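First comes the structure, then the notes that go with it.
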Amino acid sequence: MWSPILKRFDATSKTLQSENIDLSIVISLYRSLKDYIENMRSSFHTFLEEAQIRCGSELFSWETSRTKKKSTFHIDDLSSDEINFTGNEKMKIETFLVIIDTIVFQLNKRMEVYIEINNRFGFLLNLENETLESIRIQGKNLVELYHLDIETDFEEELIQFKSIVKDFPTEYVQLTPLRNLCFITIIFFVVQRCLIWS
């Protein structure tokens with residue numbers, strides 16, 4: 001069971017660490033990994049058969065261990081809805097599915113963070129293809145979220161950014177979107193400082 005999971009995690013992790021990856025790819029990778037793990041829920045018997053072949057045994061300790069009998073009887077036992085699983089079913093429900101669901105839950109948590117970041121800032125990495133209306137709406141959202149850090153005319157700056165990105169020299173366009181954004185930010189910072197100092 002662990003071998004395919006670890007291989008997929010390793011391959012995905014290496015891609016996530018590449019320096020020119022953008023947020024939409026990160027989200028797609030998390031989603032594909034989550035779906036891959038979720039699909040394993042129905043593979044318990046396949047993993048069980050593989051384990052039996054590797055171990056050379058058809059019985060595991062959970063199948064041969066005896067269950068302890070209750071020494072006392074309670075009237076509540078008659079109406080209890082509790083289900084006691086045994087053998088392979090017990091292993092599947094109390095161990096296998098718990099592991100799968102925990103991994104999926106953790107992947108979802110991480111993916112949701114990236115989705116939120118992408119919803120807030122993703123448009124900046126594709127500014128030249130955004131409409132003016134979209135830039136204004138998303139710029140306004142950023143101003144509202146970070147009103148202590150971003151000035152109210154930020155939307156207009158972004159619209160000007162859009163024109164600059166279109167006119168970028170080829171050597172800068174070939175940089176990653178994030179580096180392009182950093183380059184634009186530096187240009188505006190320098191111009192702004194020069195205007196203040198003049």
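Computed from heavy atoms alone, side chains included, the values below leave out hydrogens, waters and symmetry copies. Remember, predicted model here, so these are calculated numbers, not experimental data. Heads up: numbering here begins at 1 and tracks the sequence.
- With sequence neighbours excluded, the residues satisfying side-chain contact (heavy atoms from CB on, under 4.5 Å) with Y36 are P4, R8, M40.
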Would you check, one step at a time, whether the test side chain to side chain contact (heavy atoms under 4.5 Å, CB included) holds for I37 with F9?
-> CA-CA 10 Å; I37 302 296; F9 265 84; 4.1 Å; yes
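- Under the rule for a ring-ring contact (aromatic ring centres under 6.0 Å, His included), the partners of Y30 that lie at least two apart in sequence or sit in another chain are Y114.
- Atom CZ of F123 and atom CG of N141 lie 8.0 Å apart (nearest 0.5 Å).
- Cluster annotation: L6 is connected to L16 through the hydrophobic network of ILVMFWY side chains, with a link wherever side-chain heavy atoms come within less than 4.5 Å.
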In sequence, state the C-alpha distance, the side-chain angles, and the governing distance for S13 and Q17, and then conclude on side chain to side chain donor-acceptor pair (under 3.5 Å).
-> CA-CA 6 Å; S13 178; Q17 292 174 47; 2.9 Å; yes
Would E155 and I150 count as a side chain to side chain contact (heavy atoms under 4.5 Å, CB included) if you check the C-alpha gap in whole Å, the side-chain angles of each, and the deciding distance to 0.1 Å?
-> CA-CA 10 Å; E155 304 157 46; I150 301 177; over 6 Å; no
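- Considering only residues two or more places apart in sequence or on other chains, K14 meets the side chain to side chain donor-acceptor pair (under 3.5 Å) condition with D10.
- Side-chain heavy atoms closer than 4.5 Å link hydrophobic residues (I, L, V, M, F, W, Y) into clusters, and following such links, possibly through other members, connects I93 to F96.
- Note that CG of L107 and CG of L29 are 11.5 Å apart. Values are rounded to the nearest 0.5 Å.
- At a threshold of 4.5 Å between side-chain heavy atoms, the hydrophobic network of Ile, Leu, Val, Met, Phe, Trp and Tyr places F161 and L132 in one connected group.
- With sequence neighbours excluded, the residues that form a side-chain contact (heavy atoms from CB on, under 4.5 Å) with Q106 are K109, R110.
- Under a hydrophobic clustering in which Ile, Leu, Val, Met, Phe, Trp and Tyr are joined whenever their side-chain heavy atoms come within less than 4.5 Å, directly or via other members, Y146 and L124 fall into the same cluster.
- Applying the side-chain contact (heavy atoms from CB on, under 4.5 Å) rule to D153 yields the partners E151, E157; only residues at least two apart in sequence or on another chain are considered.
- Annotation: side-chain contact (heavy atoms from CB on, under 4.5 Å) contacts of S134 (sequence neighbours excluded): E130, T131, Q138.
- Contact annotation: the side chain of F121 approaches that of L142 to within less than 4.5 Å [non-hydrogen atoms, C-beta and beyond].
- A donor-acceptor pair under 3.5 Å is formed between the side chain of S18 and the backbone N or O of T15.
- If you take CD1 on I27 and CE on M111, they are separated by 8.0 Å, rounding to the nearest 0.5 Å.
- Residues satisfying the salt bridge (Lys or Arg N to Asp or Glu O under 4.0 Å) test with E144, not counting sequence neighbours, are none.
- Every pair passing salt bridge (Lys or Arg N to Asp or Glu O under 4.0 Å) that includes a residue from residues 34-48 is listed here, sequence neighbours excluded: K34-E38, R41-D101.
- The structure places OG of S32 at 10.0 Å from CD1 of I25, a figure rounded to the nearest 0.5 Å.
- With values rounded to the nearest 0.5 angstrom, L97 atom CG is found 10.0 Å from S42 atom OG.
- Using a 4.5 Å cut-off between side-chain heavy atoms of Ile, Leu, Val, Met, Phe, Trp and Tyr, with links allowed through other members, L23 and L145 fall into the same hydrophobic cluster.
- Contacts classified as salt bridge (Lys or Arg N to Asp or Glu O under 4.0 Å) and involving residues 131-141 (residues at least two apart or in different chains) are given here: R136-E156.
- By the side chain to side chain donor-acceptor pair (under 3.5 Å) test, S24 is found to be paired with D22, residues two or more places apart in sequence or in another chain being considered.
- Counting heavy atoms from C-beta on, the side chains of F154 and I159 never come closer than 4.5 Å.
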